[in-house]
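Working notes for the structure below.
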Amino acid sequence: MSEETKVQESAAAEVISQDALDNFVSLKKGDIVNGTIVKIEDNQATVSLGYKYDGVIPLRELSSVQLENAAEAVQVGQEVQLKVVSIDDEKAKLVLSKKAIDNEKAWDVLQSQFEAGEVLEVTVADVVKGGLVADIGVRGFIPASMVERHFVEDFSDYKGRKIRVKVKEIDRENNKVILSAKEVLDQEFEQNKQSIIGNLQIGQEIDGTVQRLTPFGAFVDIGGIDGLVHVSELSWQHVAHPKDVVAEGQAVRVKVLKVDPAAGKISLSIKAAQPGPWESATGSFNVGDIVTGTVRRIVSFGVFVEIAPGVEGLVHISQLAHRHVATPNEVVQEGQEVQAKILDFNPAEKRVSLSIKETEEAPEQPARPERERSERGERGDRGSRGPKVELNNPNVSLSNESMSFTLAERFGDKLSKLK
């Protein structure tokens, strides 16, 4: 190669190099630039943006929330908008910030979302004491009480989970944003509740799940909303406490008794969705049967005896014993088990007549003394009414002797005592 050729090539290379330098962007602190993520490390991401050398985004400048590594915020090949934090051409050091751009954009968007009550989807970036943290361009905090409609004891598995929230509170001066997932859930619950209530019909039978128990009844989930089964509607038998009949999580069949859309209340019944005791008792009892039952109630005119779950019959006071009974308590007590005979059984009218005395042998009448029977017989003879006798009847003769004998016999003893 001649010396002249070498000089020409060198001049051309200088021209090309100068053209390349002219094509490089010029940067200064505070500039907004666009770049592409070309490399990710634990503590930073490298960005190509057409400058003489690549820039870096430190971990702290990637997000408004604390990150463990850069991969949580960006991916290789991702186009990003950045702000120049510092530039040092001598050391070929260019520091950029993604957080600064996201932050500036976020406030205006958040204000608009807050005013409109808009629902936005966020990813939980961290679980901290008292709640959750999400990166929404700025640090968004979701208090523990605003995460779910129910109490949550442990939030450890919420990290990385996507949840829908509303902006509850915004304070740009103090860099504070409060989010609420519960508000979104409450709104959806009410919409779903009104939809379900609107489709419910009184008398309709549906499947549900017992959610919680209280002393006055059980709340049953019937498809996203709860209805109350009052303690009196749990069973055909008397129930002291709901836990004696059902348990939380138990699947049950219920019947709709009442719907109040305005109050959002639903009254349900478990017992009404089951065959009634009188229906079950039909064909099980017959007149003349001796049954065993339990005294449930005592009233002035008798006692009510339960002979099957939910089936009570009346033992009238006259059917309690063979002797005279002034009050039922003389014979039986509440809770006592007794045997009774069915005198009448009418399931259609839900009526059973029972007798306790009919199951017992009648006591023998005490024998009367011979003298008493004799005296009763004599008095009966003398006192009995016979054919009417006329004193002037010529066919009847009453002598003074017979009359005197009769009077002496009747009054002799008493007259002798007067002497």
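Residue indices begin at 1 and follow the sequence shown. In what follows, every heavy atom counts, from backbone to side chain, and hydrogens, waters and symmetry copies are set aside.
- Each of Asp289, Asn286, Val352 was checked for a side-chain contact (heavy atoms from CB on, under 4.5 Å) with Phe345, and the lone residue meeting it is Val352.
- No more than 12 heavy atoms of other residues, nucleotides or ligands shown are found within 6.0 angstrom of CZ on Arg60.
- Side-chain contact between Val138 and Trp107: present, with at least one pair of heavy atoms (C-beta onward) separated by less than 4.5 Å.
- Annotation: side chain of Lys99 is not in contact with side chain of Ser63 (no heavy-atom distance under 4.5 Å).
- To the nearest 0.5 Å, atom CD of residue Gln194 and atom CG of residue Asn199 are 11.0 Å apart.
- Under a cutoff of 6.0 Å and an axis angle of 45°, Arg297 and Phe304 form a cation-pi pair.
- Under a 3.5 Å cut-off, the side chain of His322 and the backbone N or O of Lys357 do form a donor-acceptor pair.
- There is a side-chain donor-acceptor pair under 3.5 Å between Thr36 and Glu79.
- Residues Asn34 and Leu49 form no side-chain contact, since every pair of their non-hydrogen atoms from C-beta on lies 4.5 Å or further apart.
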Show your reasoning for whether side chain to side chain donor-acceptor pair (under 3.5 Å) applies to Lys162 and Thr123.
CA-CA 4 Å; Lys162 292 184 180 297; Thr123 301; 3.1 Å; yes
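- Here the CG atom belonging to Asp135 is positioned 12.5 Å from the CD atom belonging to Gln66, to the nearest 0.5 angstrom.
- Considering only heavy atoms from C-beta on, Val167 comes within 4.5 Å of Leu120 through its side chain.
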Kindly determine whether Lys98 and Gln81 satisfy side chain to side chain donor-acceptor pair (under 3.5 Å), including the steps that lead there.
CA-CA 7 Å; Lys98 178 178 179 294; Gln81 190 173 49; over 6 Å; no
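- Shortest non-hydrogen contact noted between Ser235 and Val239 is CB-CG2, 3.8 Å.
- Residues Leu96 and Val84 meet the side-chain proximity criterion, which asks for heavy atoms closer than 4.5 Å.
- Between Lys176 and Glu169 there is a salt bridge, since at least one side-chain N of the basic residue sits less than 4.0 Å from a carboxylate O of the acidic one.
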Side chain to side chain contact (heavy atoms under 4.5 Å, CB included), that's the test. Do Leu268 and Leu228 meet it? Break it down for me.
CA-CA 6 Å; Leu268 305 171; Leu228 174 64; over 6 Å; no
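- Salt bridge status for Arg164 with Glu188: present, with a side-chain N to carboxylate O gap under 4.0 Å.
- Scanning both residues, Ile37 and Gln75, for their nearest heavy atoms gives CB-O, 3.3 Å.
- The main-chain N or O of Trp278 is found under 3.5 Å from a side-chain atom of Thr282 such that the two form a donor-acceptor pair.
- One distance of note links CG of Asp157 with CZ of Arg161; it measures 5.0 Å at 0.5 Å rounding.
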Does the pair Glu104 and Arg172 meet the rule for a salt bridge (Lys or Arg N to Asp or Glu O under 4.0 Å), with working shown?
CA-CA 10 Å; Glu104 289 177 8; Arg172 189 166 186 169; over 6 Å; no
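- Between the side chain of Asp226 and the main chain of Ile222, no donor-acceptor pair closer than 3.5 Å is present.
- Atom CD1 of Ile196 is separated from atom CD of Gln191 by 12.0 Å, given to the nearest 0.5 angstrom.
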After noting the C-alpha distance and the side-chain angles of Val124 and Phe155, does the key distance pass the side chain to side chain contact (heavy atoms under 4.5 Å, CB included) rule?
CA-CA 11 Å; Val124 178; Phe155 288 100; over 6 Å; no
Step-by-step side chain to side chain contact (heavy atoms under 4.5 Å, CB included) determination, Glu72 to Leu62
CA-CA 9 Å; Glu72 294 181 24; Leu62 276 168; over 6 Å; no
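- Minimum interatomic distance between Ile87 and Lys29 (heavy atoms only, all atoms of both residues): CG2-N, 4.3 Å.
- One finds no salt bridge joining Glu115 and Lys166 here, because no Lys/Arg side-chain nitrogen approaches an Asp/Glu carboxylate oxygen to under 4.0 Å.
- Scanning all heavy atoms of the two residues, the minimum distance from Ile202 to Leu257 falls at CG2-O, 3.5 Å.
- Checked for salt-bridge contact, Asp31 and Lys83 miss the test: no charged N lies under 4.0 Å from a carboxylate O.
- Gln336 and Gln333 share no side-chain donor-acceptor pair at under 3.5 Å.
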Test side chain to side chain contact (heavy atoms under 4.5 Å, CB included) applied to Leu354 and Ile342, step by step:
CA-CA 5 Å; Leu354 302 171; Ile342 297 178; 3.8 Å; yes
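- Side-chain contact between Thr294 and Val305 is absent, with no heavy-atom pair separated by less than 4.5 Å.
- Within 6.0 Å of atom NZ in Lys39, 12 or fewer heavy atoms from other residues, nucleotides or ligands are found, so the atom counts as exposed in its surroundings.
- In terms of heavy-atom proximity, Ile307 sits nearest to Phe285 at O-CZ, 3.8 Å.
- In this structure, CG in Asp244 is found 10.0 Å from CG in Leu234, a value given to the nearest 0.5 Å.
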Working for salt bridge (Lys or Arg N to Asp or Glu O under 4.0 Å), residues Asp89 and Lys93
CA-CA 6 Å; Asp89 287 333; Lys93 185 177 181 181; over 6 Å; no
Checking salt bridge (Lys or Arg N to Asp or Glu O under 4.0 Å) for the pair Glu312/Arg296: CA distance, chi angles, key distance, verdict?
CA-CA 8 Å; Glu312 292 184 358; Arg296 293 303 183 193; 5.3 Å; no
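- In terms of modelled atom types and a separation under 3.5 Å, the side chain of Lys168 and the main chain of Phe114 share no donor-acceptor contact.
- Rounding to the nearest 0.5 Å gives a distance of 8.5 Å between CD of Glu349 and CG of Asp344.
- Side chains of Asn329 and Thr327: a donor-acceptor N/O pair is absent below 3.5 angstrom, by distance only.
- The shortest distance between side-chain heavy atoms of Ile225 and Ile266 falls below 4.5 Å.
- Within 6.0 Å of atom CD in Glu361, 12 or fewer heavy atoms from other residues, nucleotides or ligands are found, so the atom counts as exposed in its surroundings.
- The minimum heavy-atom distance between Val245 and Gln250, with the atom names listed, is O-OE1, 4.2 Å.
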Can Gln187 and Glu183 be said to form a side chain to side chain donor-acceptor pair (under 3.5 Å), step by step?
CA-CA 6 Å; Gln187 183 178 351; Glu183 189 168 323; over 6 Å; no
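- No side-chain heavy atom of Phe141 sits under 4.5 Å from any side-chain heavy atom of Val177.
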